[in-house]
2 protein chains.
Amino acid sequence: MSLRLEEIAQEAGVSRSTVSRVLNKEPHVSARARERVLAVTQPLNFHPNATARSLAAGRTRNIGLVIPVAVSSLFTDPYFPLLIQGITSACNTHDYSVMLWLADVEQERQIISKITHSGMVDGVIVASALMDDPMVQVLLEDHIPFVQVGRHPTDERVSYVDVDNYNSAKEVVGYLLRLGYRRVATIAGPHNMIAGHDRRRGYQDALRARGMIPDPALIAEGDFLEDGGFVAMQQLLARARQPGANGLPDAVFVASDMMATGALRALRDAGIRVPGDMAVVGYDDMPFAARTEPPLTTVRQPIHRAGAVAAETLFELIENPNTPPRRIILPTELVIRASTGPGV
Amino acid sequence: MSLRLEEIAQEAGVSRSTVSRVLNKEPHVSARARERVLAVTQPLNFHPNATARSLAAGRTRNIGLVIPVAVSSLFTDPYFPLLIQGITSACNTHDYSVMLWLADVEQERQIISKITHSGMVDGVIVASALMDDPMVQVLLEDHIPFVQVGRHPTDERVSYVDVDNYNSAKEVVGYLLRLGYRRVATIAGPHNMIAGHDRRRGYQDALRARGMIPDPALIAEGDFLEDGGFVAMQQLLARARQPGANGLPDAVFVASDMMATGALRALRDAGIRVPGDMAVVGYDDMPFAARTEPPLTTVRQPIHRAGAVAAETLFELIENPNTPPRRIILPTELVIRASTGPGV
DNA sequence: CTGAAAGCGCTTACAG
DNA sequence: CTGAAAGCGCTTACAG
């Protein structure tokens, strides 16, 4: 169907090897040969067959992006589009392509083993793995270069890029405390996801740092999505109405902006004013966080950049197989808006 | 690194050809040979090298998903994640993989020609092409099987899946008219995107069908995103305040739910009540449409399904090269919620 | 610097 | 039904 190196070689009056060398930008080619080859190759917009090239070279220049099962429902979260944009943008500039797998419950195992055993990709990015995701072990055992978006809690062979969820959460809760809020609740992310876990710990330790004891009644858990935040806030409100309860929280740290919008909606429904009756903080600084009612104080994390850095780190691991595991923490930033008010 | 067919063959006591046949589920293999092969292949979780297989077979079982430049900013729209989920899900069940390209301004040409000339994929899905996207011509000329999500306005060689944007828009505007609204405005999508174009025409013809003449002052254009809807609504309001204007619209058909949330925000800011002062209609029925304030009357379109159908159509085109162009229209549904009120 | 040739790991007529 | 062998279109030592 398409032209082959052979045809180009004939046309240019050189050997197939030389054409290959020119196309791969290898150094030891005479200027003359190079010109001749490019003279026929450029106007034709010729690209060598990627499959044959992969087979011969032993590398595909493809990376896999795997978004595991339990979080694929999270795909309605603007987090993933941003991450994907970052990844594809790095791939474009480094001449890699990305294969996308949204791993489905029953299919996950099967997909992973296909990926790892069939040589479709040179490496893998795992987005938001669960804390106990077995996929990571498979990748490790099979020596597939991979980087995880989100740190691995225990295994230090895992390369990752993440933000400092623990300290950033601690910081923003500290900010609430300094504003004078005293019953600070949290709507945490899933405890089996590392970001959920770390932000929750940050919340707890911020309280402890002030000599306060985290009250389980002030901790609800959501799934990082809007509805989850809505339901979790309703739980918090219901608990506050129980006999013997200590009344409404005066502030809440919500572990994602999506959940925060759900929480705001629950508060609106309940006639509770923000920040007058309750301060609200989110996490992510999604584009919409500046436009919620009221605008959301939140923690900005560089999602697009995390994607790009993850990809670039993966390229490094692929191209230098002896690179030790890379653990990269990207900076966050506290963004103060109206939802936390002036304090009490 | 990995095992090859050769090793499996030796272990199973058959030839490499036979192993290949078993793995490819070809019919003419004796039960005995099949068993022997599977006996060694299954426990090992063996997968033949995808690259070698592609090269030998002349097909990759990969499809490309290309989201062109001008819409890649739209990637913050939940539309794309839903579409992608539909596509990957069909790919999983049909044993295809998807390669993802978000084509960037300068890179688009380059990416397309790499895709079409290097044989990385057997076909391509083009999501939301601009009406004059040159990529389509390239795909056509190079005889690459492809299907577009969104119809092509003129070229009947293009296979696509779409919804009936024109009639569904006409229908929902007709609904507003039957409710008694008389100054019905629209916030249209970009005129260079087919969906924006068609929904706008549907709006205009619904008015004409009632003997009304579309008033340019009642037509604003947005980019399908939240901010675009916000700005467009502000324009509409500003025009209504001009000297000689005929006052506020009493209803507005917004061409996407995202823009509708922006429009609602602009109305809230301006102290205009929905639906009391102005009825608002969206398009898409995104998950959040049921939770806006007030909940949004909208047109439900099956985005996830469109992705799956686009993929399946592409598989058909790939596997039966003589298939004539397929033009598939998926059904929409009018979803009535509070934002249009009981009528006047 | 350059070319002839082996080889990447499969699939698939072809012959039996 | 099965195997030996050619061939897919490249890359890359190897020799010169």
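In what follows, chains carry the letters A, B, and so on, assigned in the order in which the sequence lines appear, proteins first and then strands, with residues in each chain numbered from 1.
Rounded to a whole Å, the CD atom of Q10(A) is 13 Å from the P atom of dG3(C). Going from atom CG of L55(A) over to atom P of dC8(C) covers 9 Å, rounded to whole Å. Atoms CD (E7(A)) and C1' (dC10(D)) sit 13 Å apart, rounded to a whole Å. Separating the CD atom of E6(A) from the C1' atom of dC10(D) is a distance of 11 Å, rounded to the nearest angstrom.
Taking atom P on both nucleotides, dG9(D) is separated from dA13(D) by 23 Å, rounded to a whole Å. With P as the reference atom, dC14(C) and dC10(C) are 24 Å apart, rounded to whole Å. dT2(C) and dA6(C) are spaced 22 Å apart, taking the P atom of each and rounding to whole Å.
At least one side-chain heavy atom of F146(B) sits less than 4.5 Å from a side-chain heavy atom of V158(B). Inter-residue side-chain proximity for P81(A) and P81(B) is flagged as met; some heavy-atom pair is nearer than 4.5 Å. Under the 4.5 Å side-chain criterion, counting only non-hydrogen atoms from C-beta, Y160(B) is not in contact with V126(B). Here the side chains of L23(A) and L5(A) are in contact, with some heavy-atom distance below 4.5 Å.
Close to dT2(C), at under 4.0 Å from its OP1 or OP2, lies a side-chain N or O of S30(A). An OP1 or OP2 oxygen of dT2(C) is reached within less than 4.0 angstrom by no side-chain nitrogen or oxygen of S15(A).
Between H117(B) and H47(A), the two ring planes are perpendicular [angle over 60°; tilted spans 30° to 60°].
Where pairing requires Watson-Crick or G-U contacts shorter than 3.5 Å, the helical stems of DNA chain D with at least three consecutive pairs are C:1-3 with D:14-16, C:5-12 with D:5-12, C:14-16 with D:1-3.
Within the structure, the salt bridge (Lys or Arg N to Asp or Glu O under 4.0 Å) test picks out the following pairs touching residues 141-155 of chain B (sequence neighbours left out): R151(B)-D198(B), D155(B)-R157(B). Under the side chain to side chain donor-acceptor pair (under 3.5 Å) criterion, the residue pairs touching residues 50-62 of chain B are N24(B)-R53(B), T60(B)-D122(B), with sequence neighbours excluded.
Here the closest non-hydrogen pair linking A9(A) and V19(A) is CA-CG2, 3.6 Å. The shortest heavy-atom contact between L314(A) and G123(A) is CD2-C, 3.8 Å. In plain terms, the two heavy atoms of V121(B) and G64(B) that are nearest each other are CG1-N, 3.6 Å.
Residues from residues 31-43 of chain A with heavy atoms under 4.0 angstrom of DNA chain D: there are none.
Residues satisfying the salt bridge (Lys or Arg N to Asp or Glu O under 4.0 Å) test with R4(B), not counting sequence neighbours, are E7(B).
The side chain of R4(B) approaches dG9(C) more closely than any other nucleotide in the set dC1(D), dG9(C), dG3(C). The side chain of V14(A) sits closest to dG3(C) out of dA4(D), dT2(C), dG3(C).
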Quiz item: Which letters describe nucleotides 11-16 of chain D, given B = protein heavy atom under 4.0 Å from base, S = only from sugar-phosphate, - = neither?
Solution: BBB---

